Amino acid sequence: MNLDFSQIVPYIPFILEGIGATLKFVSVSILAGFILGTILAIFKITGFWPLKVFADVYTSIFRGTPLILQLMIIYLAVPQLTGYDISAFLSAVLAFGLNSAAYVSEIIRAGIMAVDKGQTEAAKALGVPYRAMMLNIILPQAFKNILPALMNEFITLTKESALVSTIGYLDLMRRAQIAGADIYRNFEPLFFAGVIYWVMVTILTLAGRYVERRMRQSD
Amino acid sequence: MIKADHITKVFGKNEVLKGISTTVEKGEVVTIIGPSGSGKSTFLRCLNLLEEPTSGQIYINDEEITSPRVNKMEIRKSIGMVFQHFHLFPHMTALENVMYAPQKVKGMSKKEAEQIGKNLLARVGMTDKETAYPNRLSGGQKQRVAIARALAMEPEIMLFDEPTSALDPEMVKEVLDVMKGLAETGMTMVIVTHEMNFAKEVADKILFLDDGVLLEETEPNTFFTNPSTERAQSFLEKVL
Ligand SMILES: Nc1ncnc2c1ncn2[C@@H]1O[C@H](COP(=O)(O)OP(=O)(O)O)[C@@H](O)[C@H]1O
Ligand SMILES: [Mg+2]
């Protein structure tokens with residue numbers, strides 16, 4: 001067995017910096033995906049068909065094609081078509097945010113549909129306007145039910161984020177690869193990066209459980 | 001106060017209401033009685049536009065609320081509704097349930113809404129449960145909070161759709177007592193119910209609905225002792 005973790009010691013700061021890079025674009029992507037996904041979910045349940053069709057087509061496209069292809073198209077095709085030299089960071093946020101929105105919208109739509117119809121009726125009967133009803137009555141109940149599914153989506157996004165290494169964004173994965181190339185040893189830096197991903201996902205999971213417990217207050 | 005004029009409602013091919021006309025005066029308590037599936041809920045829900053009548057007009061205080069120009073939200077502010085299954089907001093405490101609509105719909109300050117909420121919960125005997133979430137309440141308690149929630153909008157009319165049908169027998173009385181108290185204050189009430197004794201005691205008028213047709217519209221004594229239609233007779237034989 002040829003293992004020597006001491007060789008990566010000089011590269012540890014370099015690799016660790018990737019955590020920040022990864023977290024930065026993952027959190028922006030999650031936020032963007034979540035907001036856009038909520039809006040798309042509301043489009044899907046409105047009675048106004050053009051919005052519904054738009055949201056359905058959107059979802060179908062982003063779920064029906066590989067994420068890496070979407071990333072490449074944004075990173076490579078945008079400069080070719082518009083002349084705008086898009087940064088790796090912006091490409092990554094766009095691709096992951098837009099992609100995640102498609103999945104999140106489906107989760108939220110299902111969550112909204114699962115809220116008892118009686119809640120809508122009670123709110124309507126009180127004269128509550130649609131917006132307030134959604135924000136104060138329906139969405140809080142929907143989110144509580146779908147929190148595990150949402151957490152799952154965020155975890156998937158965190159792990160899939162390693163795809164951005166393919167467009168040269170200096171995330172955790174890319175830095176591990178660079179370190180590996182420098183010292184002619186791939187296993188150690190990749191293993192090290194793997195541990196860091198695992199820790200990040202575990203923290204996310206625990207945070208999710210905590211929020212879930214807090215929300216259970218009323219049960 | 002309420003006037004319904006030839007209301008029909010069709011779901012797909014199913015004509016559920018077949019031209020119902022009636023009036024409810026201010027301060028009147030009207031109960032709607034009839035077999036399951038006869039269209040009682042549908043008619044009640046037309047009165048606050050949770051269902052839109054297929055044809056016919058409804059007037060409230062001489063304003064036609066079935067006109068397409070009418071803002072449904074405005075109409076509903078002055079009509080409270082109590083449901084069979086309560087439909088309390090589960091993520092809000094009893095007090096928050098009552099405070100919500102006055103704040104969001106009427107733009108009332110939190111302090112004012114809280115005062116009104118506490119008064120109303122006291123009125124329905126729920127003061128000690130102000131901070132309880134709905135799932136900590138019994139059915140009877142939930143329904144009393146739901147009544148307080150509807151009253152918080154200071155409606156002119158209260159609609160009740162089988163408010164005691166989902167309750168355990170020992171909780172029926174506490175809810176009916178609150179409703180009796182409300183009737184005594186002069187509230188205009190339309191109540192779908194299977195509580196015949198309550199109807200006899202409290203109602204000014206009974207509407208008997210059968211298969212989407214308003215078969216009888218009489219005062220309780222006549223209805224219970226001497227119903228004019230055979231359908232009502234056989235229905236009463238079954239339930240009394
Ligand atoms: N939203 C709806 N869509 C289709 N059919 C309905 C709907 N609501 C009620 N109905 C039908 O209308 C009829 C009357 O229902 P309802 O008014 O609830 O009767 P009741 O309250 O007297 O039991 C029933 O046959 C029911 O299946
Ligand atoms: Mg009914």
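Chain A is the first sequence line, chain B the second, and so forth, proteins listed ahead of strands; every chain is numbered from 1. Computed from a predicted structure; not experimentally measured. All heavy atoms count here, side chains included; hydrogens, waters and symmetry mates do not.
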Grab the two heavy atoms, one from A:P129 and one from B:M73, that are nearest each other, plus how far apart they are. CA-CE, 3.8 Å
The test is side-chain contact (heavy atoms from CB on, under 4.5 Å); show your working for A:V128 and B:R76 and say whether it passes. CA-CA 9 Å; A:V128 178; B:R76 290 178 185 142; over 6 Å; no
What residues of residues 139-154 of chain B make heavy-atom contacts with chain A at a cutoff under 4.5 angstrom? B:R149, B:A150, B:M153
Return yes when atom CZ of A:F191 has more than 12 non-hydrogen atoms of other residues, nucleotides or ligands closer than 6.0 Å, and no otherwise. no
Where B:F89 and A:A122 come nearest, the two heavy atoms and their spacing: CE2-CB, 4.1 Å
What residues of residues 79-88 of chain B make heavy-atom contacts with chain A at a cutoff under 4.5 angstrom? B:I79, B:M81, B:F83, B:H87, B:L88
Quick check on A:Q141 against chain B: is it the side chain, the backbone, both or neither that has a heavy atom closer than 4.5 Å? side chain
Is it true that, when you exclude B:D62 itself, more than 12 heavy atoms of the residues, nucleotides or ligands shown sit nearer than 6.0 Å to its CG? no
Among residues 43-58 of chain B, residues within the sub-4.5 Å heavy-atom range of chain A, in order of number, are B:R45, B:N48, B:L50
Under 4.5 Å, heavy atom to heavy atom, which residues of residues 95-115 of chain B contact chain A? B:Y100, B:A101, B:K104, B:V105
